[in-house]
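Sequential numbering from 1 along the given sequence is applied to the chain's residues.
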Amino acid sequence: MAKLTVYGIPLSTYVRTVRLLLEEAGVDYTLKGIDIFKGENQSPEYLAKNPFGKVPTLEIDGEIIYETPAITDYLNTVFANHQFSPSEPMLQARMRQIITIIDNYLYPAAIGTIVIQRLIVPSQGGKTDEDKVKNAIAPAQKAMNAIDSIAVVSPYLLGSQVSLADFYLIPVFIYLSQTPEYEEITAQTPKLRTWWDTVNQLQSVKKVCA
Ligand SMILES: N[C@@H](CCC(=O)N[C@@H](CS)C(=O)NCC(=O)O)C(=O)O
C-alpha cells in the first residue's frame, strides 16, 4: 500500500482541494502540518521539498510532487481511475478552463484579496483595506460569471460526477461565502448558487473544510 503524506495547513484552499480528492477517493493519507502563518513553509527542510514554499506538497513512497494540478492529476490517475475528470473531450476542456480561471483570476481576487482582507487581516489584529476589497469585486465577479457560463451543474460542475473542478471551487466558496461581498459577487451566477447548495452537503466537504 502506498504511503501518502500531504504537507500543508488544513485552512489552505489548495490543501483542501487535494484532501477533498483523497477523501472522495477513499485513500488513506497523513496530513503533516506546515503552518504558513508561522513561516514553516520557508524552513530549509520544507524548501528542500518545495522550492517555492507553497502548500500543498505530496510525498508518495519517497517521491515528492508539488503544484496542485500535478498532485491532483497524479492522484486522479493512480488512485481514482480518472473518475474525477470527464471522459468527453469538451467537458474535459471545460474542467481545465474552470481550474485555470480559478487559479489565474478568481483566486487572486476572491481569496488573495477579499478573503485575506475581510477574514485573515482582522483575525490577526489588522484593519481591512476597504479599497483593496472594493477593487477586487469586479474581477471576482467576472471570473465567477465566466465559470457559471460554462458549468453544467447537474448537480456537479461538469455533470453527475464530482470532478477536479469541484474540488478547486468548493474551498473558494467556503471562504468567500463568509464575506459580505459574496452576495454581490454571485448575484449573476444562479447556477453556481444552486451548485453550492448541493456540494456543501457532501461528507468530504464537512470533514475537510470544517
Ligand atoms: N501554485 C500553487 C499555489 C499554492 C498556494 O498558493 N498555496 C498557498 C496557500 S492556499 C501558500 O502556500 N501560501 C503561502 C505563501 O505564499 O507563502 C499550487 O498549485 O499548489
Side-chain angles (χ1 to χ4, degrees), residues 8-21 24 36-37 54-56 68-69 72 84 91 93-159 162-202 204-210:
I9 191 166
L11 291 176
S12 151
T13 57
Y14 286 104
V15 170
R16 287 179 170 186
T17 296
V18 169
R19 294 184 68 207
L20 285 170
L21 188 162
E24 286 292 330
I36 58 177
F37 297 110
K54 301 282 182 189
V55 294
T68 306
T72 50
F84 301 126
L91 289 175
R94 295 299 184 212
M95 183 182 82
R96 284 287 151 218
Q97 239 184 309
I98 291 172
I99 291 172
T100 311
I101 291 168
I102 294 169
D103 266 342
N104 292 314
Y105 310 115
L106 185 62
Y107 183 92
I111 301 293
T113 305
I114 296 171
V115 167
I116 295 284
Q117 288 299 324
R118 280 279 178 243
L119 307 181
I120 307 294
V121 168
S123 77
Q124 295 182 338
K127 192 170 175 311
T128 299
D129 184 329
E130 294 294 340
D131 282 343
K132 279 191 180 167
V133 171
K134 208 167 138 220
N135 292 335
I137 293 175
Q141 254 172 348
K142 189 174 183 171
M144 209 62 101
N145 292 352
I147 294 170
D148 192 81
S149 73
I150 57 177
V152 175
V153 184
S154 166
Y156 301 110
L157 288 176
L158 298 161
V162 69
S163 76
L164 302 184
D166 297 276
F167 300 147
Y168 267 80
L169 194 56
I170 288 166
V172 175
F173 263 71
I174 291 276
Y175 287 120
L176 193 61
S177 64
Q178 296 172 42
T179 71
E181 285 69 32
Y182 173 76
E183 288 299 323
E184 190 178 348
I185 291 169
T186 58
Q188 293 153 37
T189 63
K191 278 181 353 199
L192 291 185
R193 283 190 181 215
T194 306
W195 164 83
W196 178 233
D197 288 342
T198 305
V199 294
N200 72 21
Q201 297 305 317
L202 290 171
S204 57
V205 173
K206 291 183 179 165
K207 181 170 176 188
V208 168
C209 305

Original post:
Quick one: are Ile114 and Tyr182 in side-chain contact, heavy atoms under 4.5 Å?
Top reply: no
Subject >> Side-chain (Asp166) to main-chain (Ser163) donor-acceptor, under 3.5 angstrom >> reply: yes
Original post:
What distance separates Asp131 CG from Gln117 CD, expressed to the nearest 0.5 Å?
Top reply: 10.0 Å
Original post:
What distance separates Met95 CE from Leu157 CG, expressed to the nearest 0.5 Å?
Top reply: 11.0 Å
**OP:** Report yes if some heavy atom in the side chain of Tyr168 is under 4.5 Å from a heavy atom in the side chain of Ile98; otherwise report no.
**Re:** no
Subject >> Enclosure of Lys191 NZ (heavy-atom neighbours >12, cutoff 6.0 Å) >> reply: yes
Subject >> Donor-acceptor under 3.5 Å (Thr189 side chain, Asn145 main chain) >> reply: no
**OP:** Identify the residue among Ile170, Ile111, Thr68, Ile102 that makes a side-chain contact (heavy atoms from CB on, under 4.5 Å) with Thr13.
**Re:** Ile111
**OP:** Drop me the distance from Cys209's SG to Asn200's CG, to the nearest 0.5 angstrom.
**Re:** 10.0 Å
Original post:
Can you find a heavy atom in the side chain of Phe167 that is under 4.5 Å from one in the side chain of Thr72?
Top reply: no
Subject >> Separation of Leu119 CG from Gln178 CD (nearest 0.5 Å) >> reply: 5.5 Å
Subject >> Closest contact, heavy atoms only, Ser149 versus Ala146 >> reply: OG-O, 2.9 Å
Subject >> side-chain contact (heavy atoms from CB on, under 4.5 Å) partners for Lys206, two or more places apart >> reply: Gln201, Gln203
Original post:
Looking at Arg118, Lys134, Lys132, which one forms a salt bridge (Lys or Arg N to Asp or Glu O under 4.0 Å) with Glu181?
Top reply: Arg118
Subject >> Nearest heavy atoms of Arg16 and Ala210, plus distance in Å >> reply: NH2-O, 4.1 Å
Subject >> side-chain contact (heavy atoms from CB on, under 4.5 Å), paired with Ser12, selected from Val55, Val18, Thr17 >> reply: Val55
**OP:** Could you tell me the separation between the CE atom of Met144 and the OG1 atom of Thr186, rounded to the nearest 0.5 Å?
**Re:** 6.5 Å
Original post:
Does Thr113 reach the main-chain N or O of Ala110 with its side chain, forming a donor-acceptor pair under 3.5 Å?
Top reply: no
Original post:
Minimum heavy-atom separation for Ala109 to Ala140, with atom names?
Top reply: CB-N, 3.8 Å
Subject >> Candidates Val199, Thr198, Leu192 - the one meeting side-chain contact (heavy atoms from CB on, under 4.5 Å) with Trp196 >> reply: Val199
Subject >> Residue pair Ile150 / Ile101, side-chain heavy-atom distance below 4.5 Å >> reply: yes
Original post:
Can you check whether Asp197 reaches Pro155 side chain to side chain, under 4.5 Å on heavy atoms?
Top reply: no
**OP:** Could you go through the side-chain hydrogen bond (donor to acceptor under 3.5 Å, both in side chains) check for Asp103 and Thr100 one step at a time?
**Re:** CA-CA 5 Å; Asp103 266 342; Thr100 311; over 6 Å; no
Original post:
Who passes side chain to side chain donor-acceptor pair (under 3.5 Å) against Glu24, sequence neighbours left out?
Top reply: Ser204
Subject >> Any Arg19 side-chain heavy atom under 4.5 Å of Pro56 side chain >> reply: no
Original post:
Is the shortest heavy-atom distance from the side chain of Leu106 to the side chain of Leu169 under 4.5 Å?
Top reply: yes
Original post:
So among Ile116, Leu11, Ile120, which one has a side-chain contact (heavy atoms from CB on, under 4.5 Å) with Tyr175?
Top reply: Leu11
